[in-house]
Amino acid sequence: MRHTFRETWSGLKRNASMTIAVIVTMTVSLTLFGLSVMTFQEVDRVKGRWYDKIEISVFLCTRDSAGTSQSGNCEPGQDTSDVQRENIRTRLEQNPDVHEVFYESKQEAYEDYQRTYADSPLLDSLTVDQMQDSFRVKLKDPENYQGVVAEASSLPGVQNVLDLHQVLDPVFSVLNGLKWGTMGMAVLLLVAAMLQIGNTIRMSAFTRRRELGIMRLVGASNVYIMLPFLLEALFAGVVSTILSGLAVLGSYEFLIERNAKVSIKALPWITWGDAWIAVGLVAIVAVVLSIVPTLITTRRYLRV
């Protein structure tokens, strides 16, 4: 082992500039990878929280509904009849994607309006008769909402169906694009780091080709020959893991703990546990990134 460590140290000194370049590249790529992992965690957490609370609101007709741009299936000058209302409730409750149906009367809608605009000059602008009664529909799976929306929109007595997916889907499309874009950049940098590690090991093997030939002639095993190169790559991987781990945890502390959680309290934020999971994944990727190109390169270039 003394010879192995001596050869490892000799290789690190001989290729110091290349080793530093590998460490810098790996640190940047692993840090970006760790940040992309936390972005994935945050987007999934927010999406799970919001999507679980999403309800479809089915607004019924009022006497003034037919004259609006969203008159739906309303008859001019007519509220939704009791027969239509019961038919809407029955159809919604029988839908296999519906978990629960709540009915909100005009009086209940008006009381909620009064609570919401208690200190507003708009408080007295509406009466109970001008409010819309509605059904609140909770889904079994918030992702399967299209069928419920389509069926509710076609029922007589329904003026409009409000679905928050229309608002949230574009937001999550942007967030998904952000997280996949970040991950894509991290993967490209990881590939660059892998190629750089392979090139460094190849140069190190080339400078020691005569010594390696002698070791092969005296019967040294492949593991014994490759071990110094593996240790060189693992040294770069360990240093990069420490630096990128500190960068990921520091980013979480300053961006999430000290800023985001303080300024935007309505959103569910990732925790220190999630940050450490990201660091753990960074460490695993660093080990794989160090070992795989070294094994490939040594098998190809150490045939003497």
Closest non-hydrogen atom pair between M26 and S240, with its separation: CB-OG, 3.3 Å
Full working for side-chain contact (heavy atoms from CB on, under 4.5 Å) between E253 and W272: CA-CA 9 Å; E253 170 67 20; W272 276 108; 3.0 Å; yes
Hey, does I256 have a side-chain heavy atom less than 4.5 Å from the side chain of M38? no
Same cluster or not: are V148 and V161 linked, directly or through other Ile, Leu, Val, Met, Phe, Trp or Tyr residues, by side-chain heavy atoms under 4.5 angstrom apart? yes
Let me have the donor-acceptor pairs involving side chains of residues 285-292, under 3.5 Å, with sequence neighbours excluded, atom names and distances please.
residue: S290; atom: OG; partner: A233; partner atom: O; Å: 3.3
residue: S290; atom: OG; partner: A286; partner atom: O; Å: 2.8

Closest approach of C61 and Q78, non-hydrogen atoms and distance? CB-O, 4.1 Å
same_hphob_cluster(L162, F102) at 4.5 Å side-chain heavy-atom cutoff: no
Rounded to the nearest 0.5 Å, what separates atom CG in N87 from atom CG in L92? 9.0 Å
Note: A278 and G34 closest approach over all heavy atoms is CB-O, 3.9 Å
Kindly say whether F254 contributes a backbone atom to a donor-acceptor pair with the side chain of N259 at under 3.5 angstrom? yes
If hydrophobic clusters are built from ILVMFWY residues whose side chains come within less than 4.5 Å, do V101 and V149 share one? yes
Approximate separation, where rounding is to 0.5 Å, of T90 OG1 and R85 CZ: 12.5 Å
Verify side-chain contact (heavy atoms from CB on, under 4.5 Å) between K106 and D79, making sure each step is shown before the conclusion. CA-CA 11 Å; K106 291 186 176 184; D79 287 340; 3.3 Å; yes
Is it true that, when you exclude W276 itself, more than 12 heavy atoms of the residues, nucleotides or ligands shown sit nearer than 6.0 Å to its CH2? no
Is the shortest side-chain heavy-atom distance between F33 and L281 below 4.5 Å? yes
Working to the nearest 0.5 angstrom, can you tell me the gap between M131 CE and D112 CG? 8.0 Å
Can you measure from CG (L234) to OG1 (T241) and round to the nearest 0.5 angstrom? 9.5 Å
Flag, side chain of S153 to backbone of A150, donor-acceptor distance under 3.5 Å: no
Contact check, side chains of D133 and T80, non-hydrogen atoms, under 4.5 Å: no
Given the rule that I, L, V, M, F, W and Y join up when any side-chain heavy atoms are under 4.5 Å apart, are L139 and V58 in one cluster? yes
One should read off an interatomic distance between L249 CG and E257 CD, to the nearest 0.5 angstrom, of 11.0 Å
For a quick test of reading the model, state the closest non-hydrogen atom pair linking Y103 to E108 and the distance between them. O-OE1, 3.5 Å
Using the six-membered ring wherever Trp is involved, compare the ring planes of W180 and F40 and label them parallel, tilted or perpendicular (cut-offs 30° and 60°). perpendicular
Straight-line distance of C74 SG to Q84 CD, nearest 0.5 Å: 8.5 Å
Let me see the working for Q132 and L60 under side-chain contact (heavy atoms from CB on, under 4.5 Å), right down to the final yes or no. CA-CA 6 Å; Q132 282 183 289; L60 307 185; over 6 Å; no
Identify the two heavy atoms, one from T31 and one from V248, that lie closest to each other, and give their separation to 0.1 Å. O-CG2, 4.0 Å
Applying a strict under-4.5 Å side-chain criterion to I, L, V, M, F, W and Y, I'd like to know whether W269 and V43 cluster together. yes
Checking Y252 against D274 for the side-chain contact (heavy atoms from CB on, under 4.5 Å) test, could you report, in this order, the C-alpha distance in whole Å, the side-chain angles of both residues, the deciding distance, and whether it holds? CA-CA 10 Å; Y252 173 81; D274 297 313; over 6 Å; no
For the student: nearest non-hydrogen atoms of E42 and P268, plus distance: OE2-O, 2.8 Å
Within the 4.5 Å heavy-atom criterion, are L30 and L190 side-chain neighbours or not? yes
